[in-house]
Trainee: 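Mind looking over this structure? Questions follow.
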Number of protein chains: 2
Amino acid sequence: MDNNSIFIEKLRSSGLRPTKQRLKICKLLFQRKETFHFTVGDLSKILKHKFKEKISLATVYNTIHSFKKKGYLKEIAINSDKTYFDTNTSDHHHFLDVTTNELIDLDDKDVKKVSIIKKIPGKKIKSIEVLVKIENNN
Amino acid sequence: MDNNSIFIEKLRSSGLRPTKQRLKICKLLFQRKETFHFTVGDLSKILKHKFKEKISLATVYNTIHSFKKKGYLKEIAINSDKTYFDTNTSDHHHFLDVTTNELIDLDDKDVKKVSIIKKIPGKKIKSIEVLVKIENNN
DNA sequence: AGAGTAATTTATAATGATTCTAAAGTAGTG
DNA sequence: CACTACTTTAGAATCATTATAAATTACTCT
Ligand SMILES: [Mn+2]
Ligand SMILES: [Mn+2]
Ligand SMILES: [Zn+2]
Ligand SMILES: [Zn+2]
């Protein structure tokens, strides 16, 4: 699987040069079966362990912001302290395990259709997202 | 309405001394019909305008954190940039007007019961909250 | 009321995540 | 190869929040 050339194409097609830093970050973010939820700090640490050549923290920030702008990442707010990003860019629901602080995507079919009864004049609904906090039994 | 003595009682009963700073903050937060959503920065500015004697920013932070610990305030995460607090401490849903960044409480009866189909072994649901982003029609 | 104490307030410093800056390096173009 | 725009980078700046430590205040007990 030559994902690298896929990433090169992906970057080029959105006007971003496929630098080695961006390609490494692509590999880390987009070569997964599961959705990845992370902070820039997390990501920077993982990059440090995974690759020999250092990527500066500023570059990680720059890259994540470009990717967000291009629609490859979504910013999510579950905790006021840290900024989280999500490789699943669709509107979707989450489990948040409050004991581990882990986020898990919920599929649309895992939640019965949410319907909002109240209307606000002059406003329309843009998205509906559910956050389900979970904790250990007993 | 001598709310002041009510607040004094409320504070005393939870082991907090009713200082003049805390009483002013109580007035600002809890003498409202509508739920109040705010940041500590917001609150500090309002206090500055409303009262002649200055309350130091450190005290505002201290007070808000004590109030949260005592269960009089709830912290909510809707934006990664800022920490918001909510005078409605129950689990509840929100409209977020993305054009004005304004938060509006949704009553339970404004949202059809949300039911989560997926289960995670060993975990139980602690809360379910819906965030509905709204924007201008047209 | 006055003394003793523990809680509180406060100015200020420290922290830590994020953003900014400006210089050096690199990719695409011809 | 040369040119230019884009990108990376180290380090500084920013800003919200937290920590510190000294001064003040509230409560308790005589
Ligand atoms: Mn938090
Ligand atoms: Mn944000
Ligand atoms: Zn997600
Ligand atoms: Zn609310």
Side-chain angles (χ1 to χ4, degrees), chain A residues 4-5 7-28 37-48 51-70 72-73 75-85 101, chain B residues 4-5 7-28 37-48 51-70 72-73 75-85 101:
Chain A
N4 224 51
S5 49
F7 292 140
I8 289 174
E9 196 30 52
K10 178 178 180 153
L11 290 170
R12 280 229 180 80
S13 74
S14 49
L16 297 174
R17 292 184 177 173
T19 64
K20 55 186 193 304
Q21 292 86 344
R22 283 173 178 161
L23 286 169
K24 282 175 187 157
I25 293 174
C26 278
K27 272 180 205 153
L28 226 59
H37 303 101
F38 63 96
T39 67
V40 173
D42 295 340
L43 182 57
S44 176
K45 255 185 228 100
I46 297 173
L47 286 163
K48 204 164 297 170
F51 301 101
K52 47 258 149 256
E53 298 157 84
K54 159 183 187 185
I55 301 181
S56 100
L57 183 58
T59 298
V60 185
Y61 273 101
N62 289 340
T63 302
I64 294 312
H65 286 139
S66 315
F67 285 5
K68 184 192 168 189
K69 193 172 302 172
K70 295 302 180 182
Y72 302 145
L73 290 172
E75 193 179 337
I76 52 179
I78 34 126
N79 183 305
S80 312
D81 309 327
K82 291 172 172 177
T83 300
Y84 282 85
F85 292 90
N101 239 6
Chain B
N4 225 51
S5 49
F7 292 141
I8 290 175
E9 196 31 50
K10 177 178 181 153
L11 291 170
R12 280 230 178 79
S13 74
S14 49
L16 297 173
R17 291 183 177 174
T19 63
K20 55 186 194 303
Q21 291 88 344
R22 285 175 177 160
L23 286 169
K24 281 175 187 157
I25 293 175
C26 278
K27 272 179 205 153
L28 226 59
H37 301 102
F38 63 97
T39 68
V40 172
D42 295 340
L43 181 59
S44 176
K45 256 187 226 98
I46 297 174
L47 286 162
K48 205 164 295 170
F51 301 101
K52 46 258 149 260
E53 298 159 83
K54 158 183 188 185
I55 300 181
S56 101
L57 183 58
T59 299
V60 185
Y61 273 100
N62 290 340
T63 303
I64 293 312
H65 286 137
S66 316
F67 285 6
K68 184 192 168 190
K69 192 171 304 174
K70 296 300 179 182
Y72 302 146
L73 289 173
E75 193 178 337
I76 51 178
I78 34 126
N79 183 306
S80 312
D81 309 326
K82 290 171 174 179
T83 299
Y84 282 85
F85 292 89
N101 238 6

Trainee: Partners of D42(A) by side chain to side chain donor-acceptor pair (under 3.5 Å), sequence neighbours excluded?
Mentor: T39(A)
Trainee: Round to a whole Å and report the spacing from OH of Y84(A) to C1' of dT18(C).
Mentor: 16 Å
Trainee: Report yes if a side-chain nitrogen or oxygen of H65(A) is closer than 4.0 Å to either non-bridging phosphate oxygen (OP1 or OP2) of dT19(C); otherwise report no.
Mentor: yes
Trainee: Kindly indicate whether the side chain of L28(A), heavy atoms from C-beta on, has any atom under 4.5 Å from the side chain of F51(A).
Mentor: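 L28(A) reaches F51(A) side chain to side chain.
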Trainee: To the nearest Å, how far apart are D81(A) CG and dT18(C) C1'?
Mentor: 14 Å
Trainee: With L23(B), which residues qualify under side-chain contact (heavy atoms from CB on, under 4.5 Å), at least two apart?
Mentor: N4(B), F7(B), I8(B), L11(B), P18(B)
Trainee: Does the side chain of F67(A) reach to within under 4.5 Å of the side chain of I25(A), using non-hydrogen atoms?
Mentor: yes
Trainee: Output the rounded distance in Å from CD (E75(A)) to P (dA17(C)).
Mentor: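 These atoms are roughly 16 Å apart.
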Trainee: List the residues meeting side chain to side chain donor-acceptor pair (under 3.5 Å) with K45(B), not counting sequence neighbours, and say none if there are none.
Mentor: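 Partners of K45(B) under the side chain to side chain donor-acceptor pair (under 3.5 Å) test: none.
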Trainee: Return the set of residues passing salt bridge (Lys or Arg N to Asp or Glu O under 4.0 Å) with K24(A) (not counting sequence neighbours), or none when no residue passes.
Mentor: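 E53(A).
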Trainee: Contact boundaries of DNA chain D with chain A (under 4.0 Å, heavy atoms), 5' to 3'?
Mentor: dA5(D) to dA10(D)
Trainee: Provide, to the nearest angstrom, the distance between the CG atom belonging to N79(B) and the P atom belonging to dT18(C).
Mentor: 13 Å
Trainee: Starting from the first five and the last five pairs of the helix from dA1(C)-dT30(D) to dG30(C)-dC1(D), work out the angle between the resulting helix axes, to 10 degrees.
Mentor: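 Terminal axis comparison yields 30°.
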Trainee: So does N62(B) get a backbone contact from the side chain of S66(B), meaning a donor-acceptor N/O pair under 3.5 Å?
Mentor: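 Checked: pair present.
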Trainee: Kindly state each residue pair satisfying side chain to side chain donor-acceptor pair (under 3.5 Å) with at least one member in residues 7-20 of chain B, sequence neighbours excluded.
Mentor: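 The answer is S14(B)-Y72(B).
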Trainee: Looking only at heavy atoms, what is the nearest atom pair of K68(B) and F85(B), with distance?
Mentor: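 Closest approach of K68(B) to F85(B): CD-CE2, 4.1 Å.
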Trainee: Holding to side chain to side chain donor-acceptor pair (under 3.5 Å), I want the full list of residues that pass it with T63(B), two or more places apart in sequence or in another chain.
Mentor: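 T63(B): no side chain to side chain donor-acceptor pair (under 3.5 Å) contacts found.
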Trainee: Hey, does T83(A) reach any base, or is it just sugar-phosphate, or nothing, if we go heavy atoms under 4.0 Å?
Mentor: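 Contact class for T83(A): sugar-phosphate only.
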Trainee: Using OP1 and OP2 only, check whether a side-chain N or O of Y61(A) sits under 4.0 Å from dT19(C).
Mentor: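 It does not, given that no N or O in the side chain of Y61(A) lies less than 4.0 Å from OP1 or OP2 of dT19(C).
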Trainee: Polar atom pairs between nucleotides 2-9 of chain C and protein, under 3.5 Å, N or O only, would you list them?
Mentor:
residue : atom : partner : partner atom : Å
dA7(C)  : O4'  : R17(B)  : NH1          : 3.2
dT8(C)  : OP1  : R17(B)  : N            : 3.1
dT8(C)  : OP1  : R22(B)  : NH1          : 2.6
dT8(C)  : OP1  : R22(B)  : NH2          : 3.4
dT8(C)  : O5'  : R22(B)  : NH2          : 3.4
dT9(C)  : OP1  : T19(B)  : OG1          : 2.4
dT9(C)  : O3'  : Q21(B)  : NE2          : 2.8

Trainee: Heavy-atom distance under 4.5 Å between the side chains of V40(B) and L57(B), does that happen here?
Mentor: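 Yes, close enough: below the 4.5 Å cut-off.
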